[in-house]
K.L.:
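Sending over a structure as structure tokens; questions will come in a sec.
Chain letters run A, B, ... following the sequence lines, proteins first, then strands; residues in each count from 1. What you are looking at is a predicted structure, and each value in this text was computed from that prediction instead of being measured.
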Protein chains: 2
Amino acid sequence: MNAFKSRNTVDTSDGKTSVEAIQNEILRRICFLDYEPGIQLKEAELAVEFGVSRTPIRDAIGRIKHLGLVETRNGVGTVVVTLTPDQIRHVYEMRLQLAGLIGTMSPREATGKDLVRITDLLNAAIELELEFDARAYVELNDLLQDLIADLIGNTLLKSFWRQAYFQAASTWYRVASLAGSEVALSLVQELRELKEALERNDMVAVGLVQRIHIGYGYQRITRFLSCRNEET
Amino acid sequence: MNAFKSRNTVDTSDGKTSVEAIQNEILRRICFLDYEPGIQLKEAELAVEFGVSRTPIRDAIGRIKHLGLVETRNGVGTVVVTLTPDQIRHVYEMRLQLAGLIGTMSPREATGKDLVRITDLLNAAIELELEFDARAYVELNDLLQDLIADLIGNTLLKSFWRQAYFQAASTWYRVASLAGSEVALSLVQELRELKEALERNDMVAVGLVQRIHIGYGYQRITRFLSCRNEET
DNA sequence: CTCAACAAAGATGTATACAGCTGGATAAGA
DNA sequence: TCTTATCCAGCTGTATACATCTTTGTTGAG
């Protein structure tokens, strides 16, 4: 919670408007579990933290409502939603299908830049394998999602891919923390396969690799979440 | 533009909050071409019309930004975006794929209520065939989209289906106005096929019928839009 | 001791004033 | 006449005051 009190402003050097930056930051915090499900976001607090009034904060929150990750009730506050097992299943079923479409729907050509990016990610993942850190894993995965999204030519598919990722992220990252270094190993393998697919400029393969590993990810979720059900 | 000046308020009898109702109304006006692409939406005007201040209007507009149908620029206004041919193609490619998923991804069982709804729509479409009216056609089609969306069990697929519909709607409805009663005939056929599929409780068939007619729709768009390119 | 009514604190929802930005009209100079 | 600088009307962006709703703790009677 107060881990962010030190940050008075958000980086707006990218030319985006301030409210867009705030929106992305809040979304990141939800996906990365800085805001855990059930937590109450107070506009006044966020306003103080970002050094603006409540108005842009309300704007930012309002613009991520469509993802269904937060819910605002009058007089109460904005709470981060806990996804039901059914919802999680729906999200993953959808992601599997979307992954299958990556290669077939007007993909972009892979460039040298993409190869550099994937290689950097692979190296980082290999380092992570040696000394696992959940936060670093999460940020690595996030960069990978960005890379994949960039390869998608179809505007709408790209949008849907990102939306599905945002909805899956927090659950997936919770499981990743529990699973530990096992997921780093899996990520290294995924990145190796993606790198080869990109080298061959085979976007269908890229999609299929994603599909496979999304399936693995969902298996881990069901495994770890059924354990947690006993706890709760 | 001033066709709406008479409506001072929006119907909030459904228990939804006022801003949600405004949001839906603005979205409807964009999809139904009451607001044509290029038009400038002014918050102050809308505020007067709906009898509220600018704040809820801004909220409502902010919440439909993610659909990419409007674009707000500081000091200028919020303009309704003109979709490029590429974007339209992307939307329709996506709708084709989504239609194929309707039957396969946890569909809901068809109930008697659904049959009543589809029968009502069919009767209305048959009437429309006799005396075509673009506006009535548009509203009929909108009801059909609602019906189909209700049949989708997967939460995320339903959300994506609606988003894709909203993005396609304005273009499709422009073409429908140009095409005239031809589209009413096509709608009757579509509804007949859907009715039979629902009677058999065959959701895969429902999806395939949608897929077929979305394809027909896109063919019409390319046909009429290439004509319009010469005009412009 | 229990329960109900009430009051107060704190959250979001809304209205409004003002600041900042943009595009076009206007007028001065070459 | 053409160009350019300036000004201004009008829009969005932001801050702030106030209204309304919810929760919770308190206080009183039974």
K.L.:
Rounded to the nearest angstrom, tell me the gap between atom CD1 in A:I57 and atom C1' in C:dG13.
P.N.:
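Rounded to the whole Å, the gap is 16 Å.
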K.L.:
A:L69 and side-chain contact (heavy atoms from CB on, under 4.5 Å): which single residue from A:I26, A:L83, A:V80 fits?
P.N.:
A:L83
K.L.:
Main chain of B:T155, side chain of B:S159: is a donor-acceptor contact present, judged purely on distance under 3.5 Å?
P.N.:
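No; zero donor-acceptor contacts below 3.5 Å.
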K.L.:
Listed by chain and number, what are the side chain to side chain contact (heavy atoms under 4.5 Å, CB included) partners of B:A125, not counting sequence neighbours?
P.N.:
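Side chain to side chain contact (heavy atoms under 4.5 Å, CB included) list for B:A125, sorted by chain: B:L140, B:L187, B:V188, B:L191.
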K.L.:
Nearest 0.5 Å, please: how far is CG in B:L157 from CD1 in B:I152?
P.N.:
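With rounding to 0.5 Å, CD1 (B:I152) is 4.5 Å from CG (B:L157).
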K.L.:
Quick one: side chain to side chain contact (heavy atoms under 4.5 Å, CB included) partners of A:R108, sequence neighbours excluded?
P.N.:
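If we apply the side chain to side chain contact (heavy atoms under 4.5 Å, CB included) test to A:R108, skipping adjacent residues, the hits are A:T111, A:D114, A:D150, A:L151.
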K.L.:
Counting only non-hydrogen atoms, which of residues 70-77 of chain B are less than 4.0 Å from DNA chain C?
P.N.:
B:R73, B:N74, B:G75, B:V76
K.L.:
Of A:K65, A:Q163, A:H66, which is the lone residue that meets side-chain hydrogen bond (donor to acceptor under 3.5 Å, both in side chains) with B:H66?
P.N.:
A:H66
K.L.:
Is A:L41 touching bases, backbone alone, or none of the nucleic acid, heavy atoms closer than 4.0 Å?
P.N.:
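Contact class for A:L41: sugar-phosphate only.
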K.L.:
Measure up the B:Y137 and B:Y173 rings against each other and bin them: parallel (under 30°), tilted (30 to 60°), perpendicular (over 60°).
P.N.:
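Correct class here is perpendicular.
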K.L.:
Take atom CG of B:D59 and atom C1' of C:dG13, then tell me their distance rounded to the nearest Å.
P.N.:
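Atom-to-atom, B:D59 to C:dG13, this comes out as 9 Å.
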K.L.:
Check the pair B:M105 / B:M203 against side chain to side chain contact (heavy atoms under 4.5 Å, CB included), numbers first and verdict last.
P.N.:
CA-CA 10 Å; B:M105 290 178 65; B:M203 288 303 152; over 6 Å; no
K.L.:
What is the distance, rounded to the nearest whole Å, between atom CZ of A:R58 and atom C1' of C:dA11?
P.N.:
11 Å
K.L.:
Tell me, please, which residues at least two apart from A:A44 pass side chain to side chain contact (heavy atoms under 4.5 Å, CB included).
P.N.:
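For A:A44, no residue satisfies side chain to side chain contact (heavy atoms under 4.5 Å, CB included) once neighbours in sequence are set aside.
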K.L.:
What is the distance from CZ of B:R54 to C1' of C:dC18, rounded to the nearest Å?
P.N.:
11 Å
K.L.:
Can you give me the bend angle of the helix from C:dC1-D:dG30 to C:dA30-D:dT1? Use the axis through the first five pairs and the one through the last five, nearest 10 degrees.
P.N.:
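If I round to tens, the end axes sit 10° apart.
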K.L.:
Atom NZ of B:K42 and atom P of C:dT22: how far apart are they, to the nearest Å?
P.N.:
18 Å
K.L.:
Donor-acceptor check, side chain of B:Q145 to backbone of B:R162, threshold 3.5 angstrom: yes or no?
P.N.:
no
K.L.:
Of all nucleotides in DNA chain D with an atom under 4.0 Å from a non-hydrogen atom of chain A, which is the first and which the last going 5' to 3'?
P.N.:
D:dT14 to D:dT22
